[in-house]
Asks: 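This structure is in structure tokens; I'll ask about it shortly.
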Amino acid sequence: MISPQSIDRYADTLPRSVRETVLEGTRVPTIWRREALARDYGNADPLRKLAAQIKQHTLDHLDTYLEKAESRLKANGAEVLFANDAASAKAMVTKLLRENGAKLVVKSKSMLTEEIHLNPHLEENGIEVVETDLGEFIIQIDDDIPSHIIKPIVHKNRRDIAKSFEREGLGDYNDDPETITRRARKHLREKFLKADAGITGANFVSAESGRIVLVTNEGNARFSITAPRLHIVMVGIEKLVPHDRDLAVFLNLLARSGVGQQLTVYTQFINGPRVNPTGGTIDGAEKMVVIFVDNGRSAILGSEYREILRCIRCGACQNVCPVYRQASGHAYRATYQGPIGAVLSPLLMQPDFAKLADLPKASSLCGACNEVCPVDIPIPDMLVRLRDRAFREGATQAKAGTPSMEPWAFLATRPHAWRAAMQAANLANLVPLKLMPVPPLMRWLGSRELPKFRGGEFRSWMKGREPGGSCSAGA
Ligand code: SF4
């Protein structure tokens, strides 16, 4: 469950078994991602840059593309609604379900619906909701929350899942993955057939054709919109791409970045409801409604953090982040976790930015998140800017026990003292640092080795780099 503690405190109390499960669940896709991109592209950077440009262009002209998408979707026979915030989005869904007499809803995975807490709202209104993505289904029966964008149960192992299935009457304890999957399939198929409405998200929406693109590995999105009469698509306004041809760029990057697959098993292009005035659609729901949700995105678009809206929710930055791997997704106390969440979650909390203002501090700023991001989002830069903002707004404070920066500031502003300190630092090589009786240092060095101090001075090093100089001084 969501922790009210700060990330480091939560990480300290995380059971070893959960930490190991998260480590393994993020380590393997990171390797597969690297191998898939290297095998298929050699250097994937040009493709990442192209994806970033397309997304940035879309965001820079979002009003135009939203209008285009709206008129195309309507021409395709879909109804289009716009929701400013979570409350209006939830009210629209409830109204639609009531008007169409829907009592049972099947849902495929959607981070937006997690963000606006749609399920509890529908249940409060007497509507049964069934999550049909296997991971989300397990989250639902456990009354848990997802801890990863694409692997919501990355914090659980198969023994945990087998116990949940046994408790819910889905069969005797059996932790064989195939048995678990077969039991879930049998249970969910009955729900698919009985459901009155299906709710999905959208990975992309083409403004040119109005096509809704859904990617899954389980085919559950397809079932969610095939049997029910009503299909509701809930999508963030940033999910647009200008043209169908742009989808080739994003579909090639999304599955490889997230799980190292060339493509997800199912990629669906939904043209509209069954009765499509522009012709061609002979299956699908009788009625389709697309709800574009803002919920804080326009404010981000108008800020210095707008690049974060390029995110295509691949989860690669979560998989590679050393803090996420140690702390797990629940440590972030938000729908979006890891590096993407450390930027996006506090921004979406407006005007309560302070509640999650500590998240940008949960990073070593190693840059790995930017290196793996398929749309080249400069996450580390944003984290630094958000830390600065949090400090200026008084939203974060130094943690008790954090070493003061004052000694460093004293030396850095006095050149003579700095030079003397550098001379003295050579002596540190003679003393094993682990034996120094400085408690914060002792704890920090408990699991790390510092390199030997090599001396040298920055100014002389720079002089050596000037034309005609040599570059030999140690840094
Ligand atoms: S920020 Fe980049 S790497 Fe992280 S989930 Fe979004 S697209 Fe993927």
Side-chain angles (χ1 to χ4, degrees), residues 22 25-27 29-34 36-37 44-45 47-59 109-112 114-115 135 146-152 154 201-204 213 215 235-241 246-247 249-261 264 297 300-301 305-325 327 329 332 334-348 359-360 362-386:
V22 174
T26 49
R27 187 185 66 83
T30 300
I31 296 169
W32 289 348
R33 172 202 164 271
R34 194 172 55 234
L37 287 172
D45 278 353
L47 192 60
R48 291 172 58 233
K49 303 277 179 209
L50 176 62
Q53 279 171 14
I54 296 170
K55 266 292 186 182
Q56 195 56 50
H57 166 83
T58 318
L59 294 170
K109 187 170 175 312
S110 150
M111 291 309 293
L112 178 72
E114 293 287 345
E115 177 189 319
S147 68
H148 190 281
I149 291 179
I150 60 165
K151 296 171 92 180
V154 71
N203 293 89
F204 306 99
V213 184
V215 302
V235 55
I237 55 172
E238 81 281 20
K239 290 293 185 78
L240 288 170
V241 294
D246 302 322
L247 295 168
V249 175
F250 293 104
L251 291 173
N252 272 309
L253 279 170
L254 179 57
R256 284 183 179 86
S257 300
V259 281
Q261 286 172 242
T264 43
R297 285 158 175 77
I300 298 175
L301 193 62
Y305 307 104
R306 67 183 67 85
E307 290 139 309
I308 203 67
L309 296 176
R310 300 204 296 243
C311 175
I312 58 171
R313 312 281 192 266
C314 71
C317 60
Q318 298 180 314
N319 292 338
V320 81
C321 175
V323 175
Y324 177 94
R325 285 178 166 194
Y332 290 78
T335 303
Y336 304 100
Q337 314 92 1
I340 170 66
V343 176
L344 189 57
S345 295
L347 293 174
L348 287 176
L359 297 194
S363 169
S364 61
L365 300 180
C366 64
C369 47
N370 174 240
E371 278 173 27
V372 299
C373 179
V375 281
D376 196 25
I377 300 177
I379 296 175
D381 291 353
M382 292 183 172
L383 292 171
V384 172
R385 277 183 263 148
L386 282 169

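In each ligand, atom 1 is the first atom listed, and ligand 1 is the first ligand listed. The figures here come from the full heavy-atom set of this structure, side chains too, leaving out hydrogens, waters and symmetry mates.
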Asks: Does anything in residues 368-378 pair up under salt bridge (Lys or Arg N to Asp or Glu O under 4.0 Å), and if so which pairs, sequence neighbours excluded?
Replies: Arg48-Asp376, Lys49-Asp376
Asks: Leu240 and Thr58: which non-hydrogen atoms are nearest, and at how many Å?
Replies: O-CG2, 3.4 Å
Asks: Looking only at protein heavy atoms, identify the closest one to atom 7 (S) of ligand 1 and say how far it is in Å.
Replies: Ile312 N, 3.4 Å
Asks: Which pair of heavy atoms, one from Pro374 and one from Leu253, lies closest together, and at what distance?
Replies: O-CD1, 3.6 Å
Asks: So which protein N/O/S atoms does atom 4 (Fe) of ligand 1 have within less than 2.8 Å?
Replies: Cys317 SG
Asks: So if I count the atoms of ligand 1 from 1 in the order they appear, which ones are less than 4.0 Å from some heavy atom of Pro374?
Replies: 2 (Fe), 3 (S), 7 (S), 8 (Fe)
Asks: With side-chain contact (heavy atoms from CB on, under 4.5 Å) as the criterion, how do Leu359 and Tyr336 come out once you've worked through the C-alpha distance, each side chain's angles and the decisive distance to 0.1 Å?
Replies: CA-CA 11 Å; Leu359 297 194; Tyr336 304 100; over 6 Å; no
Asks: Do His148 and Asn319 have side chains that get closer than 4.5 Å, going by heavy atoms?
Replies: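 Touching, per the 4.5 Å side-chain cut-off.
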Asks: When you measure from the side chain of Arg306 to the backbone of Leu301, do you find a donor-acceptor pair of N or O atoms at a distance under 3.5 Å?
Replies: yes
Asks: Taking Gln318 for its side chain and Thr26 for its backbone only, find out whether a donor-acceptor pair lies under 3.5 Å.
Replies: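 It does not hold such a pair.
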